Amino acid sequence: MLQLESQGTGTAGAAAPATGSAETAPVPITIVTGFLGAGKTTLVRNILTADHGYRIAVILNEFGEDIGIESSFVQSSEGLKTQEGEWVELTNGCMCCAVKSDFLQALESLLERPGGRRFDYILIETTGLANPGPIATALWTDAELESRVSLDGVVAVVDAVNIRQVAAGGPRVRQLGEQRSKGAVNEAQLQIAYADIVVLNKLDLASEEAVVRSEADIRAINSGVTVVRTQRSAVDLGLVLNRNGYRWGRGGRGGGRARRPGLQQVAEVVEAVYELYEIVSGPEWAAGEERVTRVVIIGRNLRTAAVRASWAAFVDTPAQ
Ligand SMILES: Nc1nc2c(ncn2[C@@H]2O[C@H](COP(=O)(O)OP(=O)(O)OP(=O)(O)O)[C@@H](O)[C@H]2O)c(=O)[nH]1
């Protein structure tokens with residue numbers, strides 16, 4: 001069943017800055033990912049220029065040799081120039097920094113700027129070929145950083161026209177179907193798999209049939225993800241910021257639910273994709289219902305005997 005949310009143009013509905021938050025509260029981070037040319041920078045620019053009152057810092061995570069494209073967006077929109085690794089202040093108080101590799105260093109330099117004002121929000125824009133998993137993981141493997149920032153969510157921008165194939169000046173390359181060496185998963189799939197929300201962009205260029213097909217492709221990878229249709233990445237910012245999706249601590253996604261006393265009788269569902277996991281409270285156990293733990297593992301070329309043996313060793317009881 002499709003669960004879709006249509007979105008018009010405009011960025012109305014931007015989330016207001018958290019009120020009364022302590023100066024020491026962790027700064028939320030949203031990772032903006034998506035395949036080459038999907039509309040990531042357009043989304044980041046929309047967020048930076050929307051009337052939300054946030055003081056936002058953006059880290060453009062550039063792994064390639066050429067950092068010209070993203071920094072030119074800083075220059076053209078604000079008339080500023082930036083060197084790699086240098087923070088540039090925009091006219092509305094937001095900051096921008098392009099880094100080739102070590103975004104953690106950029107994050108630390110941002111948090112430790114002497115006399116620097118505190119930021120309400122941090123965006124990390126990945127390159128189109130990035131796997132967002134290690135970036136998210138790095139945020140919770142750095143114990144020092146973890147206390148000062150918190151991963152709020154992962155937004156994947158998807159090009160509704162080219163999600164299946166790119167025909168730019170060469171052989172037609174299928175973004176999702178592109179074959180990789182044995183065991184490797186392509187980045188377009190990983191970006192969708194890690195996402196809390198998919199911004200399905202370029203609706204002006206895609207037929208309704210292509211959009212519906214794209215939505216089905218997305219759901220096949222990440223069935224529970226929120227999909228928002230956009231043109232020019234114009235999305236209600238309330239949907240992408242402050243999702244509070246990782247409230248359960250290391251790597252956990254809580255779906256915004258907090259554990260409360262008195263709810264211990266509910267079943268918990270843990271859904272994990274690579275390093276990230278989501279914990280969602282299910283319904284209460286019914287009277288007399290057998291309380292069992294089930295583990296469902298989905299993957300390719302799984303060796304059942306090895307998985308069972310590994311599980312049995314882990315729990316120290318025979319697997320059933
Ligand atoms: N027609 C159309 N063009 C769009 C839309 N969204 C973005 N674009 C254009 O698509 C191009 C790529 O957009 P970007 O926002 O730079 O995409 P990106 O994902 O940051 O690209 P890379 O950083 O190169 O991977 C730009 O020329 C945008 O103006 C849209 O909804 N419709």
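Just so it is clear, the structure is predicted and the values come from calculations on it, not from any experiment. Every number for a ligand or one of its atoms is a count from 1 in the order of the listing.
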Undergrad: Looking at ligand 1, would Arg45 count as a contact under a 4.0 Å heavy-atom criterion?
TA: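 False for this residue.
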
Undergrad: Please report whether ligand 1 has a polar contact with Gly37, defined as an N or O pair separated by less than 3.5 Å (distance criterion only).
TA: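 Yes; at least one N/O pair falls below 3.5 Å.
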
Undergrad: Got a donor-acceptor contact below 3.5 angstrom from the Tyr121 side chain to the Asn242 backbone?
TA: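 Between the backbone of Asn242 and the side chain of Tyr121 there is a qualifying donor-acceptor contact (under 3.5 Å).
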
Undergrad: Tell me, with the steps shown, if Arg45 and Glu125 meet salt bridge (charged side-chain N to carboxylate O under 4.0 Å, His left out).
TA: CA-CA 11 Å; Arg45 194 195 313 233; Glu125 179 187 334; over 6 Å; no

Undergrad: I want to check something: taking the side chain as every heavy atom from C-beta on, are Gln231 and Leu205 in contact at a cut-off of under 4.5 Å?
TA: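 No. Closest side-chain heavy atoms not under 4.5 Å.
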
Undergrad: Among Leu200, Leu203, Thr42, which one has a heavy atom closest to atom 13 (O) of ligand 1?
TA: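 Looking at heavy atoms only, the winner is Thr42.
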
Undergrad: At less than 4.0 angstrom from any non-hydrogen atom of Leu36, what atoms of ligand 1 do you find?
TA: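 Within the 4.0 Å cut-off of Leu36, ligand 1 contributes 25 (O).
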
Undergrad: Does any N/O atom on Gln231 come nearer than 3.5 Å to any N/O atom on ligand 1?
TA: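 By distance alone, the answer is no.
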
Undergrad: Relative to the heavy atoms of Thr41, which atoms of ligand 1 are at a distance of less than 4.0 Å?
TA: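 Within the 4.0 Å cut-off of Thr41, ligand 1 contributes 15 (O), 16 (O), 18 (P), 20 (O).
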
Undergrad: Return the minimal non-hydrogen interatomic distance between Gly153 and Asp196, and the atom names on each side.
TA: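 That would be CA-OD2, 3.1 Å.
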
Undergrad: Report the residues that fulfil side chain to side chain contact (heavy atoms under 4.5 Å, CB included) with Ala38, sequence neighbours left out, ordered by chain and then residue number.
TA: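 Applying side chain to side chain contact (heavy atoms under 4.5 Å, CB included) to Ala38 gives Val157, Asp159.
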
Undergrad: Applying side chain to side chain contact (heavy atoms under 4.5 Å, CB included), can you list everything that pairs with Ser207, at least two apart in sequence or on another chain?
TA: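 Side chain to side chain contact (heavy atoms under 4.5 Å, CB included) list for Ser207, sorted by chain: Glu209, Ala210.
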
Undergrad: In the structure I gave you, are the side-chain heavy atoms of Asn131 and Tyr194 within less than 4.5 Å of one another anywhere?
TA: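 Sidechains of Tyr194 and Asn131: in contact.
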
Undergrad: Any donor and acceptor pair, going by atom type alone, linking the side chain of Asn46 with main-chain N or O of Ser233 inside 3.5 Å?
TA: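 Yes, the answer is positive, given that a donor and an acceptor are paired below the 3.5 Å cut-off.
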
Undergrad: If you measure every N/O of Ser233 against every N/O of ligand 1, is any gap under 3.5 Å?
TA: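 N/O-N/O distance under 3.5 Å: no.
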
Undergrad: Does Asp204 reach ligand 1 with a nitrogen or oxygen that is under 3.5 Å from one of the ligand's nitrogen or oxygen atoms?
TA: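 Yes, there is a polar N/O contact under 3.5 Å.
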
Undergrad: Indicate, as side chain, backbone, both or neither, the part of Leu205 found under 4.0 angstrom from ligand 1 when only non-hydrogen atoms are considered.
TA: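 The part of Leu205 near ligand 1 is the side chain, not the backbone.
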
Undergrad: Counting each atom of ligand 1 from 1 as listed, which ones have a heavy atom of Glu125 under 4.0 Å away?
TA: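 Those of ligand 1 that fall under 4.0 Å from Glu125 are 20 (O).
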
Undergrad: If we only count N/O pairs under 3.5 Å, is Gly39 in contact with ligand 1?
TA: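 Between Gly39 and ligand 1, an N or O pair is found under 3.5 Å apart.
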
